[in-house]
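Heads up, the thing below is written out as structure tokens.
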Amino acid sequence: MLDIKLVRNNPEVVARSIQNRGAAQDLDDFLKMEQQRRELTRKVQELKTRRNQASQEVALAKREGRDPDQALEGLSELSETIKELDGELKGLDRQVQEWLLTVPNIPAEDVPVGSSEEDNLEVRTWGEKPPMDFQPREHWDLGVELGGLDFEHAARMTGSRFVIYLGWGARLERALINFMLDVQTGEHGYQETMPPMIVNRESMTATGQLPKFAEDLFKLENWEYYLIPTAEVPLTNIHRGEILDEDRLPLAYAAFTGCFRSEAGSHGKDTKGIIRQHQFNKVELVRFAHPDDSFQQLDLLLGHAEEILKRLGLHYRVVSLCTGDLGFGAAKTYDIEVWLPGQGKYREISSCSNFTDFQARRGDIRYKPRQGKKSRLVHTLNGSGLAVGRALVAIIENCQQKDGSIVIPEVLRPYMGGMDQIRKQ
RNA sequence: GGAGAGGUGGCCGAGUCGGCUGAAGGCGCUCGCCUGCUAAGCGAGUAAGGGGGCAUAAACCUCCUUCGAGGGUUCAAAUCCCUCCCUCUCCGCCA
């Protein structure tokens, strides 16, 4: 959520942001409504001041044993008027709030302006495409043949976009989870966390999934509860409504969770394989940062995600998302795209964002500065560290051999009971 | 599921028959004093959000709102009534 004062005082900044993102938002109507709201606020406040003063008179008269009738004169009518206008004001307040909840964050200064992913900026690459003197196979082909992935039975028990990991597949998924968590918690200083995978409406609103993107979420029937689309939601909401000590910043949390997405509007996209599933595993990193250094924190976070791919020896590139491709709440986002030889493409395996104070304002997450007494909003950041299923895909496709076997990256072998290769039984 | 207790500032905790209680007292924190150092002691300050003064930022002044959430009674609600949510204790049941 944007600061209402910013919208009011610098509408041109907001207008440009909306335009660069390719969003549609009626700023003028809002400003008129907001103006109206403030006028009514003022009016109601004046009446309340009068009422409060008169009430004091009554109290004083009674305490001194005088007759309070004179002070009570016309008071109930005044109260009635206040009640009426207060109701009207409440309606306006709600409308203002609702509008603010649907406006995207303002992109950071150095975010490239553009309309689609074509305009994203490649920041760097790491490693190289593995040399292959044969036609590389796709993971849904090789993974199934080697018995690690089973789409058919998953489709029967649930439906499309679900998978069963079997044998080495399940083991490899678990190995990746443990490896990622060990690095992030043991070496990068993240607090290990196992949060709920079901959260309430307030939490979804704070991080920005609601109210605008309800159709992307799975909602529980008869409950105001939702399955999380990412652990960003529970982790960021750990401190919702809190005032943190400045000394404690930055706070860093890591969690492995399932993630659940309806994938509404992506029909026909990535229908094969485990790239786009309704349920997938992810190790997520979340940081609560001081506003003065949140962009340095973003670089740090990005490095933590990259480290996993480096140790797995997987070639990737980092891109800075342009304004048109930026997520709703993000001020700046780096995507890490891993090379997939089977598909012959780079595919997103991590997305690291600085949300500045956007989520903090929605979730009321602040800190108390050492100097000065006013509490300020923290900055929140998050990134995948990494998407586990896609990492598994990358390993299958990058580490495959001419004979149809897969060589397990060295760092994972201790997690695989020493296994170094996957081959057809 | 049954019975009971409770939700008040950064934290703990008081709040009498509704009326100078936005909230005693304590802890913590900040500043100052004192002090070889530390500790202790003394003094002062210390909730958030919003409106206006103010075109803008800070400071300041002032007003409004907020005592789990929502509604009601009343000139006036932390205090009375209703609904809901959450926490705790006991019993029952269960991974």
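Residue numbers begin at 1 in each chain, while the letters A, B, ... track the order of the sequences.
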Query raised in the report: Does Tyr367(A) have its ring centroid less than 6.0 Å away from the ring centroid of His290(A)?
Result: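 Ring centroids of Tyr367(A) and His290(A) are less than 6.0 Å from each other.
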Query raised in the report: When the ring centroid of Phe358(A) is compared with that of Phe328(A), is the distance short of 6.0 Å?
Result: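 Judged by ring-centre distance (under 6.0 Å), Phe358(A) and Phe328(A) do meet the cut-off.
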Between [M] and [N], how far apart are the [atom1] atoms? Round to whole Å, please.
| N | M | atom1 | answer |
| --- | --- | --- | --- |
| A48(B) | G9(B) | P | 13 Å |
| A39(B) | C34(B) | C1' | 13 Å |
| C20(B) | U79(B) | P | 14 Å |
| G51(B) | C81(B) | P | 36 Å |
| A3(B) | A14(B) | C1' | 28 Å |
| C93(B) | C85(B) | P | 25 Å |
| C61(B) | U73(B) | P | 37 Å |
| A78(B) | G68(B) | P | 10 Å |

Query raised in the report: Given the rule that a pair is Watson-Crick or G-U wobble with both distances under 3.5 Å, how would you write RNA chain B in dot-bracket, using | for pairs to a different strand?
Result: ((((((((.[[[..)...(.....]]]((((((.......))))))(((((((......))))))).[[[[[..)....]]]]])))))))....
Take atom [atom1] of [X] and atom [atom2] of [N], then tell me their distance rounded to the nearest Å.
| X | N | atom1 | atom2 | answer |
| --- | --- | --- | --- | --- |
| Asp93(A) | G50(B) | CG | C1' | 9 Å |
| Leu89(A) | G51(B) | CG | C1' | 10 Å |
| Leu100(A) | G49(B) | CG | C1' | 14 Å |
| Leu244(A) | C29(B) | CG | P | 18 Å |
| Arg376(A) | A57(B) | CZ | P | 14 Å |

Query - salt bridge (charged side-chain N to carboxylate O under 4.0 Å, His left out) partners of residues 283-293 of chain A, not counting sequence neighbours, each pair once - result: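 For residues 283-293 of chain A, and leaving out neighbouring residues, the salt bridge (charged side-chain N to carboxylate O under 4.0 Å, His left out) pairs sorted by first residue read Lys282(A)-Glu284(A).
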**Report entry** Any pair counted as salt bridge (charged side-chain N to carboxylate O under 4.0 Å, His left out), so long as it reaches residues 221-232 of chain A, sequence neighbours left out
**Finding:**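 Found Arg201(A)-Glu224(A), Lys219(A)-Glu224(A).
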Query raised in the report: When all nucleic acid strands are considered with a 4.0 Å heavy-atom cut-off, which category describes Lys5(A): base, sugar-phosphate, or nothing?
Result: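 Contact class for Lys5(A): sugar-phosphate only.
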Query raised in the report: Considering residues at least two apart in sequence or located in another chain, which fulfil the side-chain contact (heavy atoms from CB on, under 4.5 Å) criterion with Ala108(A)?
Result: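 Ala108(A) satisfies side-chain contact (heavy atoms from CB on, under 4.5 Å) with Asp110(A), Val111(A), Phe295(A), Lys332(A) only.
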Report task. Return the set of residues passing side-chain contact (heavy atoms from CB on, under 4.5 Å) with Ile164(A) (not counting sequence neighbours), or none when no residue passes. Result ->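 Result, side-chain contact (heavy atoms from CB on, under 4.5 Å) vs Ile164(A): Asp150(A), His153(A), Ala154(A), Met157(A), Leu166(A).
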Would you list the atom pairs, donor with acceptor, under 3.5 Å between side chains in residues 384-391 of chain A and any protein atom, with sequence neighbours excluded?
unit_1	atom_1	unit_2	atom_2	d
Ser384(A)	OG	Ser351(A)	N	3.1
Arg390(A)	NE	Ile275(A)	O	3.0
Arg390(A)	NH1	Glu348(A)	O	2.8
Arg390(A)	NH2	Ile275(A)	O	2.9

Query raised in the report: Considering residues, nucleotides and ligands other than Glu109(A), do more than 12 of their heavy atoms fall under 6.0 Å from its CD?
Result: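 No, CD of Glu109(A) has 12 or fewer neighbouring heavy atoms, counting only those of other groups under 6.0 Å.
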Salt-bridged, [X] to [Y], with N to O below 4.0 Å?
| X | Y | result |
| --- | --- | --- |
| Glu263(A) | Arg276(A) | yes |
| Asp270(A) | Lys272(A) | no |
| Glu202(A) | Arg240(A) | no |

Query raised in the report: Could you write nucleotides 63-77 of chain B as a row of B, S and -, 5' to 3', where a protein heavy atom under 4.0 Å of any base atom gives B, of only sugar-phosphate atoms gives S, and otherwise -?
Result: BSS-----S-S-BS-
Report task. Quick one, give me the B/S/- string for nucleotides 81-86 of chain B, reading 5' to 3', where B means a protein heavy atom under 4.0 Å from the base and S means that only happens at the primed atoms, P, OP1 or OP2. Result -> ------
Quiz: residues 50-57 of chain A side-chain donor-acceptor pairs under 3.5 angstrom, not counting sequence neighbours:
unit_1	atom_1	unit_2	atom_2	d
Asn52(A)	ND2	Lys48(A)	O	3.4
Ser55(A)	OG	Arg51(A)	O	3.3

Anything under 3.5 Å between a protein N or O and an N or O of nucleotides 52-55 of chain B, put it in a table, one pair a line.
unit_1	atom_1	unit_2	atom_2	d
G52(B)	OP1	Arg38(A)	NH1	3.2

Requested in this report: Decide whether Asn200(A) and Tyr226(A) meet the rule of one side-chain donor and one side-chain acceptor closer than 3.5 Å.
Outcome: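 No donor-acceptor contact under 3.5 Å links the two side chains.
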**Report entry** Exercise: do Thr207(A) and Gln209(A) side chains pair donor with acceptor under 3.5 Å
**Finding:**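 Their side chains do contain a donor-acceptor pair, which is all the 3.5 Å distance test asks for.
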Report task. Mind telling me whether His278(A) and Phe218(A) have parallel, tilted or perpendicular rings, with 30° and 60° as the class edges? Result ->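 Plane angle over 60°, so perpendicular.
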Show me the protein contacts with nucleotides 6-12 of chain B, counting only N or O atoms at under 3.5 Å.
none

Query - Option from Tyr253(A), Phe288(A), Tyr190(A) for which side-chain contact (heavy atoms from CB on, under 4.5 Å) with Leu235(A) holds - result: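 When Tyr253(A), Phe288(A), Tyr190(A) are each tested with Leu235(A), the side-chain contact (heavy atoms from CB on, under 4.5 Å) holds only for Tyr253(A).
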Donor-acceptor contacts, no H, no angles, side chain residues 77-84 of chain A, under 3.5 Å, sequence neighbours left out:
unit_1	atom_1	unit_2	atom_2	d
Thr81(A)	OG1	Glu77(A)	O	2.9

